[in-house]
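For clarity, every value in this text was computed on a predicted model and none was experimentally measured. Order of the sequence lines fixes the chain letters, A, B, ..., with proteins taken first and strands second; residue numbering starts at 1 for each chain. Both backbone and side-chain heavy atoms feed into the values below; hydrogens, waters and symmetry mates do not.
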Amino acid sequence: MIGFEPIGLSDLGAVLLVLILVLFGLASLLVGSLFRRGTGMSAWLSAVGFILTGAVCAISLGRGERTEGFAGGYVLDDLTHGLVLPCAIAGLLTILLAMRYLHTLKHGAGEFCGLLSLATAGMAVMAGAQDLIVAFFGVELLSVPLYIMAAYSRRDRLSNESGLKYLMIGSVSSAIMAFGIALCYAALGTTNIVAMAEGSLAAGPTMVDNAFTTATTGVGLGLLVVGLGFKAALAPFHMWAPDVYQGAPTPVTTFFSVGPKVAAVGLMYRVLLVGFGDLAHFWAPVLGVIAVLTMTVGNLGALYQSRGKRMLAYSGIAHAGYMLLAVIGAGALRAQGSSEWMAASVAIVFYGMAYAFMNLGAFAAISQLGEGDLEDFSLERLKGLGRRYPWSAGALALFMVSLTGIPITAGFWGKLTLFSAAISGQTVWLSVVVVLAAINSAISAYYYLRLVAYSYMYEPEDTGEAHGWVSSQSGGWVMATAGLGVIGLALFPAVILGAAEALQKSIMP
Amino acid sequence: MSLASWASAPQFAPMVIASLLAIVGAIMMVTRRDVVRGALWLVITLIAVAVLFITLMADLIAVVQVVVYAGAIIVLFLFVIILLAAGKEPDALRNAGPGTWAAGAVALGLLVVVLAAGFSGELPQLQWGSAVATDSPGRDTGGEEEPMTHPFGSPAGVGQAIFSAQNVLTLELISILLITAMVGVIVLAKGLRPTGRLPAEADEGSEE
Amino acid sequence: MQFVPLQAYVVVAALLFVIGAAGFCLRRNVLVMLMCVELMLTAASIVFVAAARAHADVNGQVIALFLIALAAVEVAVGLALVVAVFHNRRSVDVDTVADLKG
């Protein structure tokens, strides 16, 4: 009997994180639109939502508990907690970073915070979805607010076009995903990934039953991955990302570059391994190629950028490629029939945390260069930063070193866990992938450390106030928080890595 | 099973006619230079798809398809087309770059795979439901609930399924999505005038 | 009693999907491109409804309903953005909406 049972409190408990984010998001929307001067209030409401969510995640992470709800459609396990935590941090810091931008808006400032909360709720849905349809609508709930936020400065041509471009790409990738899910459903008769894997539908078809189910599931899965690849800006589906990132207001770009990527890679991990593990020998090598392409395209692209936002856009593409390594390593293990694949989840969580802090910090540091939050600015402007603003320059250097992955930084531990997750598959092609990833990291050192060199090795050009520095208090707070996070993760990586066992335990029913 | 045996199915003739109409409508929509005509061809496709839904015992979906899709959504399209006077393009198809051809090749390859899989060898044992399904072989919930007594695809049956534990989460997500879209549209379009002139500077001055 | 097989519906849907995708790649009018996306979503709902019938699982029909709602959401936001861009641009041609290139 298909779940015609009523929903109960345990169902609501399973979606606790989503509930918190949605409730505070809606309250924030309401306050923002009801009161003309409600911006501060709605920013506070959203921030409280993020803090609560983050706190719940931080407390629960490592307990190994698992709560299923909605007929198995959503699960609150340690992977969910671990994926939502960086997203909530990204949301909170983005609100802080956006305060300056919001004050320049004549209207819609309150709604901005609400939309940000709802987009994060979409990520929380993606993080715990065990049903492809729930996951799909989670992706939509993430995307629709982001379309709007990218176009938020409606008098600004670039912002508008960025929003439109994002919407066109986003909606076509949604359609591709929907068709992929439809094919999987046609072949297997369910959209629940656990049921798909078990073929638990009464005498139902399995993925390897016959030509129709295998081919249809395969094509469906391929389309699903393509759709998610567009959303996470994986090569060769990344072309839109630099343009959209450049045109969107800087705080929105900041959020773009962290949350959706972590959530999408997390979703891929869960769907591919829990749902389509039987096809791992088929998708793991394909993803390997995609990951290497993504890293290379991202890093080579970033080498040639002279503008801040575009450079960070390309670097974000590269980091999504690194995160994929965990999925690939786990897939290779799964293809060999080993159950060790669950160990890789901690790498995604740790890297997600580290990446959230590093990238948000880098954006906060660089966004102080521009004259406004819309402009993309030349990196040349960093020259002499070290002399004029020693604290900002120091923070920037910290984030850049960490993004490069130089030993004893958060980024280093992150890459180490990712690489070792990938190498644990113990096949030749995986070693090649890891070597290529290491070469890519070395390339990235050039463009990251160039910024540090700019800020310390040049004299400030004596242009006085016209230099275009706008330091804001909120930007300083973001840098401080992110800096503390990066240092904390570097010194005590065990805080997250210690949860590895619990993560493994709770991922499968 | 062979083609001849499918042809004896009562749904065969309407299915074939509706499919042909849908495909013709889609091709015409894509190739028309005049956007208004394209939108009208899309209406044909959408109504033909509604007929397909009826052959699949999905009467409610068919009605919603016509009312919401063909009714509301296309009217919104036509409204915007006329509002923006964006009716015609100089040439309908742009010069396709290599990327476009690659995408086309991939799409065609995909189609071939599905076609080949669909008609190769033995057809899978799919359980076509009886005309009046009394129960669904869904996933095990282990409960002793009362069985579904509504005919398959009837509004009552679909309604019950919408509010079942499996779908109600998605339903709530959609409600949030609709609120988001509404707020977003208001934020984006409030104060924009169709004449293309910006509102008074004092209104929005600092947003530039 | 004979039934038209699920594959026939899947093939029709795949054709519609490919036509929509081709239109999305080939057309330059944003409004037509949005219509092509609608076509692709409709193709997905055909597969869902046909599979619902084949598996006697009414959830597929519910998903088709959800997809129609989603189409409405995307069109609403998309058209609002088109109107906003048109204000700054006076054009709905994607080739002129290309300041961001390069």
Side-chain angles (χ1 to χ4, degrees), chain B residues 5-6 8-9 11-12 15 19 22-23 26-27 29-30 35 38 42 49 52-53 56-58 61 64 68-69 73 76 80-81 84 86 89 93-94 96 100 103-104 107 111 114-115 118 123 126-129 133 136 138 153 157-158 161-162 167 170 174 177-178 181 184-185 188-189 192 196, chain C residues 1-12 14-16 18-23 25-29 31-32 35-36 38-39 42 46 49-50 52-59 61-62 64-66 68-73 75-77 79-84 86-87 90 92-93 95:
Chain B
S5 72
W6 307 342
S8 66
Q11 300 94 343
F12 186 75
M15 188 265 172
S19 306
I23 290 167
I27 292 176
M29 188 274 279
V30 169
V35 183
L42 184 59
V49 170
L52 281 182
F53 288 166
L56 289 163
M57 297 187 68
I61 318 295
V64 173
V68 176
Y69 241 130
I73 295 182
L76 196 60
V80 170
I81 294 169
L84 301 184
E89 309 176 53
L93 301 179
R94 78 174 106 168
T100 315
L111 186 65
V114 174
L115 272 171
L123 285 172
L126 292 169
Q127 311 146 0
W128 286 91
S136 309
V158 175
I162 288 180
N167 289 319
T170 315
I174 288 175
L177 209 54
L178 285 167
V185 169
L188 288 176
L192 290 179
Chain C
M1 190 165 161
Q2 285 294 335
F3 292 100
V4 182
L6 171 61
Q7 286 88 337
Y9 286 96
V10 172
V11 167
V12 172
L15 271 173
L16 288 180
V18 170
I19 294 171
C25 296
L26 293 175
R27 292 298 295 262
R28 49 171 73 168
N29 186 312
L31 293 164
V32 180
M35 286 196 259
C36 290
E38 299 307 304
L39 191 60
T42 308
I46 293 176
V49 172
R53 183 80 183 86
H55 298 292
D57 172 25
V58 77
N59 288 308
Q61 293 195 4
V62 175
L65 268 184
F66 289 163
I68 293 175
L70 175 74
V73 167
V75 165
V77 177
L79 291 181
L81 279 172
V82 169
V83 172
F86 189 78
H87 263 268
R90 319 287 308 152
V92 289
D93 186 329
D95 288 347

For V12(C) and M15(B): C-alpha separation, side-chain torsions, deciding distance, then whether side chain to side chain contact (heavy atoms under 4.5 Å, CB included) applies.
CA-CA 10 Å; V12(C) 172; M15(B) 188 265 172; 3.9 Å; yes

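Closest non-hydrogen pair, R27(C) versus M29(B), comes out as NH1-O, 3.8 Å. Taking every heavy atom of both residues into account, V73(C) and A181(B) meet most closely at CG1-CB, 3.8 Å. The two residues V30(B) and G23(C) come nearest to each other via the heavy atoms CG1-CA, 3.5 Å. The shortest heavy-atom contact between A161(B) and V62(C) is CB-CG2, 3.7 Å.
Taken from OH in Y9(C) to CG in L52(B), the straight-line distance is 6.0 Å, to the nearest 0.5 Å. With rounding to the nearest 0.5 angstrom, the OG1 atom of T170(B) is 5.5 Å from the CZ atom of F66(C). The CG atom of L15(C) lies 4.5 Å from the CD1 atom of I23(B); values are rounded to the nearest 0.5 Å. From L188(B), atom CG reaches atom CG of L79(C) across 12.0 Å, with rounding to the nearest 0.5 Å.
In this view, V64(B) and L60(B), V68(B), L65(C), I68(C) satisfy the side chain to side chain contact (heavy atoms under 4.5 Å, CB included) rule, not counting sequence neighbours. Every side chain to side chain contact (heavy atoms under 4.5 Å, CB included) that A58(B) has, sequence neighbours left out, goes to F53(B), I61(B), V49(C), Q61(C).
Within the 4.5 angstrom heavy-atom criterion, only side-chain atoms of L16(C), from C-beta onward, approach chain B. Both the backbone and the side chain of L177(B) come within less than 4.5 Å of a heavy atom in chain C.
When atom types are taken as modelled, the side chain of R53(C) and the backbone of M57(B) share no donor-acceptor pair closer than 3.5 angstrom.
Counting heavy-atom pairs closer than 4.5 Å to chain C, the top residue among N167(B), L76(B), L42(B), V49(B) is N167(B).
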